[in-house]
There are 2 protein chains.
Amino acid sequence: MTALQSPFARKLGAFVALSATEITAIDKLHARKKQFPAGRDIVHQGQTNQSAYILASGWACSYKLLTGGTRQIVDFQIPGDFLGLRSVLFRTSDHNIEPVTQLEASEVLASDLLETFSNTPRLATAMLWAASRDEAMVVEHLVGIGRRDAKERTAHFLLELGARLKLVGLGTTSGYDCPLSQYLLADALGLSAVHVNRVLRELREEGLVTFQHGHVEIHDLDALVLLADFDKTYLDHDGPLLK
Amino acid sequence: MTALQSPFARKLGAFVALSATEITAIDKLHARKKQFPAGRDIVHQGQTNQSAYILASGWACSYKLLTGGTRQIVDFQIPGDFLGLRSVLFRTSDHNIEPVTQLEASEVLASDLLETFSNTPRLATAMLWAASRDEAMVVEHLVGIGRRDAKERTAHFLLELGARLKLVGLGTTSGYDCPLSQYLLADALGLSAVHVNRVLRELREEGLVTFQHGHVEIHDLDALVLLADFDKTYLDHDGPLLK
DNA sequence: ATCCTGCACTGAGGCAGATCAGTCTGACCG
DNA sequence: CGGTCAGACTGATCTGCCTCAGTGCAGGAT
């Protein structure tokens, strides 16, 4: 797989039209491929001098732990996503990253990243773009948890995930495979697992969307978008923004 | 006021040691100073080709509106903060920005920003740093709204605000001036104004913190930090990270 | 001097969603 | 082949916070 076809390069290319030199620089970031088993955290809160990773295959989630044992999942990462950018920019990590499935990722050292920025500065701009998109998603989650009720929130979550997966070719408008358990969903949506179960049943019984056996099937996209007050402009745009 | 003394330059300087050329570039971004009255939005959701602003004095808030009329305030901005970065990076804004007080800000056009990045690339890296810090704050709010109860959340909010203001010289460990009404607080914390009032009273009666007449007075920092499970590492670090 | 408006503040009652305490199913295993 | 273990699922009960419907007070307008 060449860099241009890697999900990560495709994502950056959507923001900044990439030159041959820049593609080579991205290639170099992919040098150190590693495998991780599901369930064992690869980054811990408070850990210092941590590497970052570019996710090639599998799903991960980033979460924060509170004293009291509860956790809040901030976001899920899918292939092409950058893991732990903040852990390397600041020297210490403020969150944990746990593989949801077995996963394959390229390790990126802090020095690699800063060197890449200094040699191919447009990639720093591209990363700023990508980070801003991630921030927009976190903001959307914040709004969801603060102001949407359980059903709207769940619907919104499933729609956003679908839109993201479609962008990297892992889903269609009508559905996608999703390895998340209801427990993980609960930790992300700020609900109890019990309630997630109930809400999923309601959405299913109303003929909007089915999430069973690791597969999400969207039956009535329009009704779902309406229910969730979903606006995908924050994920989407056409063509590189910087030539 | 020279750029080095402007809160914005001070903030970027905390991430990347700035050269004379870079300081001049920041100076140029401050060329177009503007005034805005309190209460009238300066950026609207869905607006395209919007400028960004560097806040020189006064407070603002960024929020999202939901169909249904409720809003969620995502964050407050204080002097030195960058307003509407996402509105210029993506061509359309996904949020609103409202001045909380009368404010003074320098307008930054999308072209100015991209030109600055291309001429002084290290500033793109510095902005990536600043944006990541902002994201860390949004993540902290997400965790707060998802997993902290009203009292913890309010305490955490007041502590974070204090830490941020201290960094730009507008507050001390024992207190700071704060022009936010309980209604604004409610919109930010995902509570009703009524409940904010109750929580503030409880915090006051327990001798932890007083918020009255536009001033926050922290009486028992340690107890407050304990209650809120507050960890300021995500805001703090010593010295530029990139020489 | 009084009215008016905005903000702080209070109590009663209701509901969304949590918690508890289970059952049921299918996958894996010795 | 039964044992066990994780995840999906359910009903009963509890609770945090909201909503509604107010009062009190200060500063500015008339």
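Position along DNA chain C of the nearest nucleotide to Y183(B) versus R153(A) favours Y183(B) as the more 5'-ward residue. Residue-to-nucleotide proximity on DNA chain C shows that, of V194(A) and L180(B), the 5′-proximal contact is made by L180(B).
At a threshold of 4.0 angstrom between heavy atoms, the contacts of G190(A) are confined to the sugar-phosphate backbone, with no base atom among them. If you check every strand for non-hydrogen atoms under 4.0 Å, R204(A) touches sugar and phosphate atoms only. At the heavy-atom level, R201(B) lies under 4.0 Å from the strands shown only through sugar-phosphate atoms. Residue-level contact check: L191(B) touches the backbone only, with heavy atoms under 4.0 Å from sugar-phosphate atoms and none from bases.
As rounded to whole Å, 18 Å separates atom P of dG6(C) from atom CG of N197(B). Counting to the nearest Å, the C1' atom of dT15(D) and the NE2 atom of H195(A) are 14 Å from each other. Rounded to an integer number of Å, the gap from NE2 of H213(B) to P of dG27(D) is 10 Å.
At a threshold of 4.0 Å, the pair K64(B)-D231(A) does not count as salt-bridged, since none of the basic side-chain nitrogens sits closer than that to a carboxylate oxygen. Residues E202(B) and K151(B) are paired through a salt bridge, judged by an N-O separation under 4.0 Å between the basic side chain and the carboxylate. Here K33(A) does not pair with E104(A) in a salt bridge; the nearest charged N to carboxylate O distance is not below 4.0 Å. Using a 4.0 Å cut-off between a side-chain N of Lys or Arg and a carboxylate O of Asp or Glu, E140(A) and R148(A) qualify as a salt bridge.
Looking only at distances, no side-chain donor or acceptor of S93(B) sits under 3.5 Å from a matching main-chain atom of Q47(B).
Contact annotation: Q212(A) side-chain N/O to dA8(D) OP1/OP2 distance is not under 4.0 Å.
For the side chain to side chain donor-acceptor pair (under 3.5 Å) criterion with E98(A), the lone passing option out of H44(A), R71(A), R40(A) is R71(A).
In this structure, of dC9(C), dG11(D), dG7(D), it is dG11(D) that holds the atom nearest to the side chain of R198(A).
Between F36(A) and Y53(A), the ring-plane angle classifies as perpendicular under the 30° and 60° cut-offs.
Taking five base pairs at each end of the helix from dA1(C)-dT30(D) to dG30(C)-dC1(D), the local helix axes there meet at an angle of 20°, rounded to 10°.
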